[in-house]
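The structure appears right after this line, and notes come after that.
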There are 2 protein chains.
Amino acid sequence: MPLAARQEHLLNELRRSNGELSGQDLHARLRQGPHPMGLATVYRHLRQLQQLGLVRCRHLPSGEALYAPVERDEHHLTCVDCGSTTTLESCPVHGAHLSPAQLGGFKPLFHTLEFFGLCDACQQRQQAW
Amino acid sequence: MPLAARQEHLLNELRRSNGELSGQDLHARLRQGPHPMGLATVYRHLRQLQQLGLVRCRHLPSGEALYAPVERDEHHLTCVDCGSTTTLESCPVHGAHLSPAQLGGFKPLFHTLEFFGLCDACQQRQQAW
DNA sequence: GTTGATTTTGAGAATGGTTCTTGGTTGAAG
DNA sequence: CTTCAACCAAGAACCATTCTCAAAATCAAC
């Protein structure tokens, strides 16, 4: 079953981007390209691509969801104060292996490993009152 | 600096609970206890407790945020189809070690490691069409 | 090609968790 | 008794995401 053309475009746009994109971002970018797509359709396809194991997603503390191709195994440091995130160079988990017993029939597609804490700037600001 | 009494109550309610609680859950529980608290206040304190490193939080695919005391190092398998989550017994990362160079002044308070995929039931359902 | 059924789409409305606003309450200090 | 500041609650506001549903596209037979 080949990927629908619409989904293909969406996935290409994600791959073309350097960073992660939110649903709104994607919609805005596609809007001014040769293949505009309604917001509802963007979200519909993002969900499907995620279930196909082609797209990963993580949630910011703000509640916004960011999407990226699965093959990007990036992880982040996120500040619980200002919300800024920085990307880690390497994945500390790498091949995190779960035993079949732990999985119990679950078929893993991707994982998210995020560290939350205080960024340098916010620590300084707190100490200075 | 001692914790304000209101924050203490909120934290106790979280510790008393077996599982994670959403902001709404907490508000509902406190409502019928001896120390009711407005919804806005619950969220205010949850954010503060998070910044103090006493509370952790993770986001479900639905966008809902779940809170727990930091000392609980639980991680989950989450189905990208039906959204159900199951708890892992042990933390595969354990002491996830980040070098000072990787941290760059960032002060980690907690981490979340979540696996996303398809649960047994949803795989079956997909195959059956 | 035409017809009719099925699927996909998109504009706008609805949803719902979270945050903001506003005005009231409390409590300590003077 | 004032004053001032901190804290709080109720409801409005916000906004990313989802839902609705009619129109458009696709497909399948004829």
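Below, chain A is the first sequence line, B the second, and so on; all start at residue 1. What you see is a predicted model, and the numbers here were worked out from it, not measured in a lab.
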How many whole angstroms separate atom [atom1] of [X] from atom [atom2] of [N]?
X: Leu46(A); N: dG10(C); atom1: CG; atom2: P; value: 13 Å
X: Asp25(A); N: dC15(D); atom1: CG; atom2: P; value: 15 Å
X: His9(A); N: dG10(C); atom1: NE2; atom2: C1'; value: 18 Å
X: His59(A); N: dA16(D); atom1: NE2; atom2: C1'; value: 10 Å
X: Gln24(B); N: dT15(C); atom1: CD; atom2: C1'; value: 13 Å
X: Glu64(B); N: dT15(C); atom1: CD; atom2: P; value: 17 Å

Before accepting this row, confirm whether a basic side-chain N of the pair Arg56(B)/Glu20(B) lies closer than 4.0 Å to the acidic partner's carboxylate O. no
Salt-bridge present (Arg125(A), Asp81(A); N to O < 4.0 Å): yes
Polar atom pairs (N or O), protein with nucleotides 6-12 of chain D, under 3.5 Å:
unit_1: dC8(D); atom_1: OP1; unit_2: Arg6(B); atom_2: NH1; d: 3.4
unit_1: dC8(D); atom_1: OP2; unit_2: His45(B); atom_2: NE2; d: 3.4
unit_1: dA9(D); atom_1: OP1; unit_2: Arg6(B); atom_2: NH2; d: 3.1
unit_1: dA9(D); atom_1: OP2; unit_2: Gly38(B); atom_2: N; d: 3.1
unit_1: dA9(D); atom_1: OP2; unit_2: Thr41(B); atom_2: OG1; d: 2.4

Members of residues 12-22 of chain B that approach DNA chain C, where some heavy atom sits under 4.0 Å away: none
Check whether Phe116(A) and Leu60(A) end up in the same hydrophobic cluster, where Ile, Leu, Val, Met, Phe, Trp and Tyr are linked by side-chain heavy atoms less than 4.5 Å apart. no
Shared hydrophobic cluster, Leu109(B) / Leu88(A) (ILVMFWY, side-chain heavy atoms < 4.5 Å): no
Does Tyr43(B) place a side-chain N or O at less than 4.0 Å from the phosphate oxygens OP1/OP2 of dT18(C)? yes
For Cys79(B) versus Cys119(B), what's the shortest heavy-atom pair and its separation? SG-N, 3.4 Å
Is a donor on one side and an acceptor on the other found under 3.5 Å between the side chain of Asn12(B) and the backbone of His9(B)? no
Where do His76(A) and His111(B) land on the ring pair (Phe, Tyr, Trp, His ring centres under 6.0 Å) test, with the steps shown first? CA-CA 10 Å; His76(A) 306 81; His111(B) 66 270; over 10 Å; no
Worked check of side-chain contact (heavy atoms from CB on, under 4.5 Å) between Leu46(A) and Gln50(A): CA-CA 6 Å; Leu46(A) 279 175; Gln50(A) 202 176 326; 5.8 Å; no
